[in-house]
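As structure tokens, the structure follows; a few thoughts come after it.
No hydrogens, no waters, no symmetry mates; every other heavy atom, side chains included, goes into these values. Remember, predicted model here, so these are calculated numbers, not experimental data.
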Amino acid sequence: MKPEEISAEACEKIDIDSELVQKHLKVLEEMVGIDSRSFGVNEFKGDRTVPTDMKEILDCAKGYLKRIGLSRVLINDSNNKHKFPILMAETHVSDEKPTLLFYAHLDKQPYMDNGKFEKWGGIPPTQLIWNDDRSRAYGRGAADDLSGVVSIGMAIDAVMQTVGVSAGSTADLSPLPCNIKVIFETEEESGSHSLIEQIKENKEFFSNVDCVVITDVVNPAQGVPGLTTSLRGIIQIELTVVGKSKNTPIDEQTALYKLLSTLVREDHSLAIKEISDSDQSVTDDERKGYSRVPTSVAALRETAGVLKETRLTVPEEIPDILIAQLRTSFANVRPGHRISGSVILGTAGARVTFPGNHDSVKLGQQVEIILKEKNPFNLNLKVDVVAGTPVSLDIILQSASKDPHSGVNGGPVPIPEIQLARMIDYLVSFDGTLHPDLENFKSENSVSVQSLYIDQELQPRLFDEPSAKALIEVRLAPGNQDDSAVKKLRKYLEENVLPEFELSIKEDKGASPWITGISHPVFPLILESLEKGFGQKACLYGCGGTIPFVEKLMQALGNVQPLCLGAYDPDAKMHEPGESLSIPDLLGCTRSIIHLIFKIDKAYPQS
């Protein structure tokens with residue numbers, strides 16, 4: 001049989017009702033049931049206080065790959081040096097055949113909910129559930145990135161069954177068209193900090209790799225394949241503002257908001273010129289390519305959960321939105337006392353207390369009139385009176401009906417926390433004086449400002465910890481480097497904080513952006529494979545999110561072609577409550593991998 005015929009036979013096994021697919025979906029269910037959060041635990045009373053050691057999910061994945069038939073499967077131990085080990089597996093056929101390395105990760109995002117899991121519909125996120133027509137499965141990690149784990153496993157299983165290689169078999173391996181290697185990581189969601197070191201510890205395993213298939217990106221639409229050729233990087237810092245004395249004219253939270261307000265310009269573009277000027281320009285051909293991505297403005301808004309009234313920060317044209325999401329650096333801010341993953345919080349709030357005896361209704365009405373002048377993106381604005389003497393007002397902003405992924409959706413979506421900061425800056429001067437239209441409500445003492453936790457029902461509450469703290473995240477477009485960008489961010493903050501205050505800055509490890517050319521012969525092959533696998537023409541795409549593994553692996557392996565494929569769709573909510581997996585995308589990605597395996601020797605001829 002010709003390779004194309006064998007490939008087609010293997011793909012026939014990838015049907016939702018087939019025994020093979022059902023077997024692998026059982027593994028998906030088992031893995032969703034394992035808590036493998038690599039950060040952000042202690043989310044509610046009774047939750048674990050430290051991340052798992054990943055042993056349970058690693059053992060599950062190890063057994064999975066052994067049952068499929070991979071010859072050698074091991075967990076990197078390094079004498080327990082690493083908290084988050086990698087899993088490696090391989091089947092070596094011949095030195096004369098090309099070697100494909102497959103990557104996915106086993107760790108997951110936080111649940112981002114209370115102990116009752118109300119945002120998950122009252123169902124624990126470790127329980128895989130299905131919609132009525134079984135086209136979508138819900139659970140934490142189902143999409144990001146257990147879909148990648150299962151699509152890799154299912155494709156290899158189908159290939160081995162079709163060519164007659166089974167688990168524990170001593171049969172001839174020569175019908176396999178290539179050598180197969182697999183790496184499953186357990187630290188991707190928390191930054192892949194030990195990845196390069198673990199790769200260096202296993203140089204022999206990672207030698208002689210020709211191509212890397214990475215199944216951890218999103219497709220442009222359900223059932224529509226995209227080949228990701230660029231990723232944004234990320235830098236993150238935890239920032240605390242502290243007064244140098246007790247006699248500062250404004251309080252620490254107000255000083256923090258005034259500093260945060262400087263992060264963006266009036267149009268919400270990044271104001272840190274040293275970073276934004278490093279963004280690699282988008283060519284005319286690239287812009288034309290973005291215009292052909294099979295999506296719509298309505299779909300892009302819906303994916304981000306943007307409220308109907310909210311204006312985007314860029315023109316509402318597909319190329320402008322995608323360029324803002326994929327190729328533009330932007331700033332995101334979250335309250336420092338709120339546990340969350342890599343999301344844009346759709347809501348933000350602050351409590352402002354005015355000393356003295358004032359008419360609370362009139363004061364609230366006047367504040368709302370003033371703040372409407374500073375609401376260029378038409379966020380949902382509420383000003384509620386919560387106390388009469390002294391008057392306390394809750395200022396609440398909402399841009400979206402959910403908390404969209406900051407990488408996938410960030411750029412064209414206005415950030416409520418930053419817009420709130422600009423409102424507070426507009427309301428209260430650096431010396432404590434109020435906006436001129438509040439002259440009738442002035443007092444000898446300054447107003448006090450407190451950050452609020454605002455849930456999606458717009459219910460506010462004060463944080464238990466009163467310090468002025470924020471998490472600042474900058475997604476870096478290609479053209480930047482994380483090491484230099486974090487220095488630029490620090491410098492900018494230190495130059496713009498008010499002189500009566502000082503900063504405590506705690507850096508988190510970041511990741512550089514990545515972009516690749518497509519001149520190597522393997523790229524036309526994967527585009528052809530994607531079209532066959534999904535039954536839809538594939539497009540060149542990008543991901544506004546960050547996958548530290550990609551840049552780090554390219555550093556470690558050198559001249560290896562990376563192929564970033566999507567096993568899930570934009571509705572996956574991969575970093576939000578209610579994460580789900582599109583089964584058409586899972587199966588399409590699996591079939592695409594099968595087609596690639598059987599034609600890979602065209603890009604890497606046998607020696």
Output a table of donor-acceptor pairs, distance under 3.5 Å, between side-chain atoms of residues 318-329 and any protein atom two or more places apart or on a different chain; print 'none' if there are none.
residue	atom	partner	partner atom	Å
Asp320	OD1	Arg287	NH2	3.4
Asp320	OD2	Arg287	NH2	3.1
Arg327	NH1	Glu286	OE1	3.4
Arg327	NH1	Glu286	OE2	3.3
Arg327	NH1	Tyr290	OH	3.4
Thr328	OG1	Ile323	O	2.9
Ser329	OG	Asp279	OD1	2.7
Ser329	OG	Ala477	N	2.9
Ser329	OG	Asn480	ND2	3.4

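Contacts of Tyr426 classified as ring pair (Phe, Tyr, Trp, His ring centres under 6.0 Å), with partners at least two apart in sequence or in another chain: His435. Take Phe39 and apply the ring pair (Phe, Tyr, Trp, His ring centres under 6.0 Å) test, not counting sequence neighbours, and it matches no residue. Here Glu457 pairs with nothing under the side chain to side chain donor-acceptor pair (under 3.5 Å) rule; sequence neighbours left out.
Cation-pi geometry between Arg461 and Tyr453 is met: under 6.0 angstrom from the ring centre, within 45 degrees of the axis.
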Is there a ring-ring contact (aromatic ring centres under 6.0 Å, His included) between Phe430 and Phe501 once you walk through the steps? CA-CA 11 Å; Phe430 69 92; Phe501 297 86; over 10 Å; no
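Atom CG of Leu260 and atom CG of Asn496 lie 11.0 Å apart (nearest 0.5 Å). Between the CG atom of Asp482 and the OG atom of Ser512 there is a distance of 3.5 Å, given to the nearest 0.5 Å. For the atom pair CG of Asp144 and OG of Ser580, the computed distance is 12.0 Å after rounding to the nearest 0.5 Å.
In this structure, Glu316 pairs ionically with Arg301, as a charged nitrogen and a carboxylate oxygen lie closer than 4.0 Å.
Each ring-ring contact (aromatic ring centres under 6.0 Å, His included) pair with one or both residues in residues 373-405, not counting sequence neighbours, appears once here: His268-Phe377, His405-His575. Counting only residues at least two apart or in different chains, ring-ring contact (aromatic ring centres under 6.0 Å, His included) contacts with residues 339-363 comprise His358-Phe441.
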